[in-house]
Amino acid sequence: IRPVLLNVGAKDLRCPPAQSVEVYKTLKYNGVDVKMCIYPEDNHGLPSLKASVDTMLQTVQWFRKYIS
């Protein structure tokens, strides 16, 4: 299984954060390299500028870790 990066809005009503936590725990338990970033002020789609910028930075770092 490939590594997984989860970006989660804490106020997401479409995909409840508790479900993302369960996915994270399950992947971690099964030995998958997984990272979860939770954005406390955001909902589905992470609309705030702060979350958007951080998501981009986290994604670049994640890819660099596995591509280089």
Side-chain angles (χ1 to χ4, degrees):
I1 297 180
R2 300 185 195 283
V4 176
L5 173 63
L6 300 169
N7 294 310
V8 180
K11 296 181 179 179
D12 192 338
L13 299 177
R14 292 188 210 169
C15 181
Q19 289 180 352
S20 298
V21 171
E22 289 300 315
V23 169
Y24 173 84
K25 288 179 180 180
T26 301
L27 290 169
K28 196 73 160 169
Y29 178 81
N30 287 291
V32 176
D33 191 4
V34 59
K35 179 177 180 179
M36 183 167 63
C37 302
I38 300 176
Y39 299 92
E41 299 301 319
D42 282 284
N43 56 34
H44 195 79
L46 306 171
S48 73
L49 179 60
K50 184 177 178 181
S52 296
V53 170
D54 190 66
T55 298
M56 285 186 257
L57 293 173
Q58 294 293 332
T59 302
V60 168
Q61 290 173 354
W62 191 252
F63 275 99
R64 282 185 176 162
K65 180 177 178 180
Y66 293 100
I67 293 176
S68 51

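What you are looking at is a predicted structure, and each value in this text was computed from that prediction instead of being measured.
Partners of Val21 by side chain to side chain contact (heavy atoms under 4.5 Å, CB included), not counting sequence neighbours, listed by chain and number: Lys25, Met36. For Pro3, the side chain to side chain contact (heavy atoms under 4.5 Å, CB included) partners are Asp33, Trp62, Tyr66, not counting sequence neighbours. Checked against side chain to side chain contact (heavy atoms under 4.5 Å, CB included), Gln61 has the following partners two or more places apart in sequence or in another chain: Gln58.
Hydrophobic clustering, defined by side-chain heavy atoms of Ile, Leu, Val, Met, Phe, Trp and Tyr closer than 4.5 Å, groups Phe63 together with Ile67. Annotation for Val60: hydrophobic cluster partners, listed by chain and number, are none (ILVMFWY side-chain heavy atoms under 4.5 Å, direct or chained).
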Requested in this report: Go through Val23 and Val4 one step at a time and tell me if the side chain to side chain contact (heavy atoms under 4.5 Å, CB included) criterion holds.
Outcome: CA-CA 10 Å; Val23 169; Val4 176; 5.8 Å; no
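When all heavy atoms of Gly9 and Pro17 are compared, the pair lying nearest together is O-CG, 3.4 Å. Across all their heavy atoms, Ser20 and Cys15 have their closest contact at OG-SG, 4.2 Å.
Looking at heavy atoms from C-beta onward, Val8 lies out of side-chain contact with Tyr24 at the 4.5 angstrom threshold. Counting heavy atoms from C-beta on, the side chains of Cys37 and Leu5 come closer than 4.5 Å. Annotation: side chain of Val34 is in contact with side chain of Leu6 (closest heavy-atom distance under 4.5 Å).
Remark: side-chain polar atoms of Asp12 are paired, donor with acceptor, to backbone N or O of Arg14 under 3.5 angstrom.
Among residue pairs with one or both ends in residues 42-57, none qualify as salt bridge (charged side-chain N to carboxylate O under 4.0 Å, His left out); sequence neighbours excluded.
With rounding to the nearest 0.5 Å, the separation of CG in Leu46 from CE in Met56 is 10.5 Å.
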